[in-house]
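Reading through the structure tokens given below for one structure.
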Amino acid sequence: MVQRIRLRYTKRGRLRFTSHRDFQRAFERALRRAEVPMAYSAGFTPHPRVSYANAAPTGTGSEAEYLEIALAEPRDPEKLRELLDESMPTGLDIIDAVEARTSGLADRLTASVWELRLDGVEPTEAERAVTAFLAAETVEVQRRTKNGMRTFDTRGAVVSLEALPAPADRPLDNACAILRLVVRHLTPAVRPDDVLSGLRAVADLAPPVPSAVTRLAQGLFDEESGTVTDPLAPDREADTAAPPTAAVAADAKAPEGPAA
């Protein structure tokens, strides 16, 4: 029986510039180093069964990327996470693992929380731009796609947008503003740089240097609380009521070594 494991990983520091394909290559190497008993697809060119969900754009950091792997033999999720994390480059960190007890992980990734650091921008200037953006009914921007330039509305995808106090680590003589943004995953996808383009359009906000963008969370958007929930929570809840897999049961029953 195939066991499915869902993993949460990060893109930190300089590793935020890795492309999704770069991450795939690094992860596949880690699977081999950790000797993970992967299940393979059928057909003439079998490949490891790995499913990636809604990867962040190249150049953005992230604390909440997700993927799912299928194993030919059951393994303890936490021990598997540790082995894979040790085999990955620092910055591409495997920080959470859970056995898939429910379906539809991708369907639970309906919104993201982003943080944008705008060096060279005064917090008061950022607050003025946020107010103008939220007051607008639509904020159209253009982005070049593989099919040419496309115009779309960024305002409709933005659930919340706020300017936060300047970070404590900024140099005293440098202006810096922080934006916290919750965006729904719509089609076409609205990215943080699209929202920055919208802020430029409605309030002429133009940071002098590229912004540092980090995805803090992604998951199901809760309409009542206005928060983005943990997409792995349903699997954890189902796991508490389900019997352990053979690998977990074997670990629990393994005899302890002789006392020192």
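- With respect to E28 and R25, no salt bridge is recorded, no charged nitrogen being found less than 4.0 Å from a carboxylate O.
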Please determine whether salt bridge (Lys or Arg N to Asp or Glu O under 4.0 Å) holds for the pair E73 and R75, giving the CA-CA distance in whole Å, both sets of side-chain angles, and the decisive distance to 0.1 Å.
CA-CA 7 Å; E73 301 173 9; R75 291 291 186 269; 3.2 Å; yes
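- Note that the CD atom of E35 and the CZ atom of R33 stand 12.0 Å from one another [nearest 0.5 Å].
- One N or O on the side chain of R81 and one on the backbone of I94 form a donor-acceptor pair closer than 3.5 Å.
- Counting only N and O atoms by type, the side chains of R108 and T102 include a donor and acceptor under 3.5 Å apart.
- When all heavy atoms are compared, the tightest approach of A217 to A64 is CA-CB, 3.6 Å.
- Nearest heavy-atom pair, V139 versus A136, reported as atom, atom and distance to 0.1 Å: CG2-CB, 3.7 Å.
- E127 places no side-chain N or O within donor-acceptor distance of the main-chain N or O of A163, the cut-off being under 3.5 Å.
- Judged purely by atom type and a 3.5 angstrom limit, D222 has no side-chain atom pairing as donor or acceptor with the backbone of V228.
- Atoms CD and CZ, on Q142 and R144 in that order, are 9.0 Å from each other to the nearest 0.5 Å.
- In this structure, P208 and V121 have side chains that are in contact, with non-hydrogen atoms separated by less than 4.5 Å.
- In this structure, V113 and Q218 have side chains that are not in contact, with every pair of non-hydrogen atoms separated by 4.5 Å or more.
- The pair R101-E99 counts as a salt bridge, with a side-chain nitrogen and a carboxylate oxygen less than 4.0 angstrom apart.
- L116 and L216 fall into different hydrophobic clusters, where Ile, Leu, Val, Met, Phe, Trp and Tyr are joined by side-chain heavy atoms under 4.5 Å apart, directly or via other members.
- Using a 4.5 Å cut-off between side-chain heavy atoms of Ile, Leu, Val, Met, Phe, Trp and Tyr, with links allowed through other members, Y40 and V50 fall into the same hydrophobic cluster.
- Proximity of S87 to R29: side-chain heavy atoms (C-beta onward) are nowhere separated by under 4.5 Å.
- With respect to E63 and R12, a salt bridge is recorded, a charged nitrogen being found less than 4.0 Å from a carboxylate O.
- H20 approaches A55 most closely through the heavy-atom pair ND1-CB, 3.5 Å.
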Tell me, with the steps shown, if D193 and R191 meet salt bridge (Lys or Arg N to Asp or Glu O under 4.0 Å).
CA-CA 5 Å; D193 56 324; R191 306 182 308 203; 3.3 Å; yes
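- Transitive grouping of hydrophobic side chains (ILVMFWY, heavy atoms separated by less than 4.5 Å) keeps L84 and Y66 in distinct clusters.
- Within the 4.5 Å cutoff, no side-chain heavy atoms of V190 are placed close to those of L186.
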Go through F133 and L179 one step at a time and tell me if the side chain to side chain contact (heavy atoms under 4.5 Å, CB included) criterion holds.
CA-CA 13 Å; F133 184 94; L179 300 183; over 6 Å; no
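- Taking CE of M149 as the reference point, atom CZ of R143 lies at 10.0 Å (rounded to 0.5 Å).
- Counting only distance, with no hydrogens or angles, the side chain of T227 and the backbone of T229 share no donor-acceptor pair below 3.5 Å.
- The minimum heavy-atom distance between G104 and R6, with the atom names listed, is N-NH2, 4.0 Å.
- Here Y9 and F23 bring their ring centres to under 6.0 angstrom of each other.
- Going from atom CG of L220 over to atom CG of L105 covers 11.0 Å, rounded to the nearest 0.5 Å.
- The shortest side-chain heavy-atom distance between K11 and T18 falls under the 4.5 Å cut-off.
- The side-chain heavy atoms of N174 and D119, taken from C-beta on, include no pair separated by under 4.5 Å.
- From S51, atom OG reaches atom CG of L67 across 8.5 Å, with rounding to the nearest 0.5 Å.
- In this structure a side-chain-to-backbone donor-acceptor pair under 3.5 Å is missing from S112 to V183.
- Tracing side-chain contacts under 4.5 Å through hydrophobic residues (I, L, V, M, F, W, Y), one reaches L196 starting from F152; they form part of the same cluster.
- Between R180 atom CZ and L161 atom CG the span is 11.5 Å, to the nearest 0.5 Å.
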Run V2 and R49 through side chain to side chain contact (heavy atoms under 4.5 Å, CB included) and show every step you take.
CA-CA 10 Å; V2 172; R49 289 173 54 182; 4.1 Å; yes
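- With contacts defined as side-chain heavy-atom distances shorter than 4.5 Å, the pair V202/R155 does not qualify.
- Checking side-chain atoms of D85 against main-chain N and O of L83 turns up no donor-acceptor pair under 3.5 Å.
- No side-chain heavy atom of W114 sits less than 4.5 Å from a side-chain heavy atom of V195.
- At distances below 3.5 Å, not a single donor-acceptor pair connects side-chain atoms of T110 with backbone N or O atoms of R184.
- Distance alone, capped at 3.5 Å, is enough to place a donor-acceptor pair between the D22 side chain and the S19 backbone.
- Within the 3.5 Å criterion, the main-chain N or O of T151 finds no donor-acceptor partner in the side chain of E140.
- V182 and L109 sit in two unconnected hydrophobic clusters of ILVMFWY residues. Membership requires side-chain heavy atoms under 4.5 Å apart, directly or through other members.
- Between the side chains of S197 and D194, no donor-acceptor pair is found at a separation under 3.5 Å.
- Shown here for A26 and P89, the closest heavy-atom pair between the two residues is CB-CD, 4.4 Å.
- In this structure, F27 and M88 approach most closely via the heavy-atom pair CA-SD, 3.8 Å.
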